[in-house]
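Remember, it's a predicted structure, so these values are computed and weren't measured experimentally. To find a chain, count down the sequence lines: A is the first, B the second, and so on, and within it residues start at 1.
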There are 2 protein chains.
Amino acid sequence: MKKRVTVKDVARYANVSPSTVSRVLNGYPFIKESTRQKVERAIRELNFEPDELARSLITRKTKTFGLVVDISNPFFSETAKVIINRARERNYDILIYDTSDDEDMEQIARFLINKNISGMIVGTVERADRSCEKLADEGFHVVFFNRKPDNSKLFSVTIDNRKASRLAVEHLVQKGHRRIAFVGGLFKYSTFFDRYLGFLDAVQEFGLHFDEELLFSGKLTSENILRFVSDILKKENRPTAIIAASDLLAITVLSAVSSNGLKVPGDVAVVGFDNIDISSNPYIGLTTVSQQKTKMAEIALDQLMYIFENGIGKDELPEPVVLEPKLIVRNTT
Amino acid sequence: MKKRVTVKDVARYANVSPSTVSRVLNGYPFIKESTRQKVERAIRELNFEPDELARSLITRKTKTFGLVVDISNPFFSETAKVIINRARERNYDILIYDTSDDEDMEQIARFLINKNISGMIVGTVERADRSCEKLADEGFHVVFFNRKPDNSKLFSVTIDNRKASRLAVEHLVQKGHRRIAFVGGLFKYSTFFDRYLGFLDAVQEFGLHFDEELLFSGKLTSENILRFVSDILKKENRPTAIIAASDLLAITVLSAVSSNGLKVPGDVAVVGFDNIDISSNPYIGLTTVSQQKTKMAEIALDQLMYIFENGIGKDELPEPVVLEPKLIVRNTT
DNA sequence: ACTCATATCGCAAACGATTTCAATGATTCC
DNA sequence: GGAATCATTGAAATCGTTTGCGATATGAGT
């Protein structure tokens, strides 16, 4: 059981008081250059690392952020990887709060605050109600990731989902498709809703016929999707392409298509969103609109760290970041 | 900014000293029943929750465990979900340590110990060297999950991988297959090695011809696998079935098969291991040997919590748990 | 009644940092 | 040259618990 080296030890070694050591540690401005050096040298030579526990006990904050996602969803586990590793490099910890269904954001925040956690990155959760804004006053910061809080001043990083959809349609139109179905998620999620809007945009832009019946937006169970796709494929003028609002959905669509005896992409083209890892597996080879998930993850974390470390002026609202979607063409179109 | 209620408040309210409150909190035996009741009532009425930070500062341990896995691998993100949620119910936290490649176990442990973390569940990492055993003396406990430490006294929960392989072969033999290929991972991982051994067992048991050339065990890149599968499928007496040592591998195998113009399961049958979520997607419909991942996750966590809370006697080694594999037949066989 | 063991509990010192307050020394200003 | 200012540091309190030690009370044993 090795002995811990504390600020006291450093202080004694450097011939100063513990307070001074602490000040050096925290970048307090009024320290004589020479003593700063002494202290820093002592820190180095004694191999001192401040005890975050003791530190947190008094400052009432930890270098830990919550990551609120559905961790078994590949899109999120893949981005979580990025966030976790980047956080580790910077000596922060990430606590994953797993949530599949919609939970009350404020309740989640309370849970994290109780653990003295300093902020959270929210990926799931229905929609950002304004309750989160107040939390900033308590020193708890919230950034949105992949979802755009409507009507709120909180920071978010997303892709331009509307444009993303347009990209998908454009690609299909170029391939000669005119009847395109859209399998969307629940519209209360901004992501899905925006993708739907973009779809409508494009339908109009390219002068396609809009058919209410080629649109699905219910609960995303396998059965629902299989049934819907089967139904539309049995119509006399069936669609020749299907856009699914996520890769996971798209894969289910693929199965519905082939179980109806049709070929992809010959009879029906399919495109998804997100570009999760499995989509690039040659067996799937899904054409998809990429989210730039790595970049998105990095920005979300960086922003959170920034406002945590520097605070946030009353009026300087961080501009939401909107990334460009990118079409990745593979074998399903 | 609400005021925190502390043991002091509780003490005053119950008319005892803080020490007594603390003792009640920790189940100290010599407390008069009547005062225990008083204190408990005070705790309830004041809605007191002990500050884990302060607690940890002095006890030098946290109610946090590390989970060492490759979090973007579906098998692990799916089990992580189980572990995280179960931990949360019990008021424990999970810190994910993401690692794709082999890192030194002891170094990871040191990292976690520095954060006052009390133990870890190890899912990845090449193999458990004995260095982890010493850590128990420092109060840091290690349990293995999905990997069996060879030659070590540490706790582990796995499935009977050897039997799992046998199950797969048996199933294929029943379907009339006699020439079966095996795509395994690196043998330094106990999981993969055991699956290989089970394969050999079964080859012998069912009197199959063993052909060195139908065996792959190199680095698991997509290219390697595609090439290998293509090669063996081009032979004049090609295998009629392929076993892949994980579902992810199996899906890649599927693509290799179809890109060689062969049909699954008509021309070639394929079976995987793990039963990750995507495998049940009808488009994949992979026949696989299930790991009982949920149960495995639960046991690992429970065991870790148990030895953390009750300590571990010098000589009572916890028996490793080995779960039964279960064959799940879908459309690839 | 007088030990003595055994419950039961409170005091005060930890744990390892931060932070307020005041003291000191140096510098500047008139 | 004395007052005022400002940079620089240390002493001590604090954060919210746990815990070693000692004090008291209680009851058993003789």
Ring centers of A:F111, A:Y97 separated by less than 6.0 Å: yes
Validation row, ring centre B:Y13 to ring centre B:F48 under 6.0 Å: no
Which one, [options], comes nearest to the side chain of [X]?
{"X": "A:T59", "options": "D:dT18, C:dT18, C:dC15", "answer": "C:dT18"}
{"X": "B:T20", "options": "D:dG10, C:dC9, C:dG16", "answer": "C:dC9"}
{"X": "A:R60", "options": "C:dT18, D:dG16, D:dT18", "answer": "D:dG16"}
{"X": "A:D51", "options": "C:dT19, D:dG20, C:dG16", "answer": "C:dG16"}

A:T35 side chain vs A:I31 backbone, donor-acceptor pair below 3.5 Å: no
If I take atom [atom1] in residue [X] and atom [atom2] in nucleotide [N], what distance separates them, rounded to the nearest angstrom?
{"X": "B:R12", "N": "C:dC11", "atom1": "CZ", "atom2": "C1'", "value": "16 Å"}
{"X": "B:K32", "N": "C:dG10", "atom1": "NZ", "atom2": "P", "value": "10 Å"}
{"X": "B:F30", "N": "D:dT26", "atom1": "CZ", "atom2": "P", "value": "18 Å"}
{"X": "B:N116", "N": "D:dT18", "atom1": "CG", "atom2": "C1'", "value": "15 Å"}
{"X": "A:L53", "N": "D:dT18", "atom1": "CG", "atom2": "P", "value": "14 Å"}
{"X": "B:N26", "N": "D:dT19", "atom1": "CG", "atom2": "P", "value": "7 Å"}
{"X": "B:I31", "N": "C:dA7", "atom1": "CD1", "atom2": "P", "value": "13 Å"}
{"X": "A:K63", "N": "C:dT18", "atom1": "NZ", "atom2": "P", "value": "11 Å"}

Toward the 5' end of DNA chain C, by each residue's nearest nucleotide, A:V7 or B:T35: B:T35
Upstream residue (5' side of DNA chain C) when B:S17 and A:S19 are each assigned their closest nucleotide: B:S17
B:I96 CD1 to B:I121 CD1 distance, which is reported to the nearest 0.5 Å: 10.5 Å
Distance-only donor-acceptor test (3.5 Å): side chain A:R23, base D:dG10: yes
Residue met sooner reading DNA chain D from 5', once A:A54 and A:S34 are mapped to nucleotides: A:S34
Touch class at under 4.0 angstrom, heavy-atom based, for A:V21 against every strand present: nothing
Touch class at under 4.0 angstrom, heavy-atom based, for B:E49 against every strand present: sugar-phosphate
Basic-acidic side-chain contact under 4.0 Å: A:K81, A:D277: no
Short side-chain N/O contact from B:T6 to OP1 or OP2 of D:dG16, under 4.0 Å: no
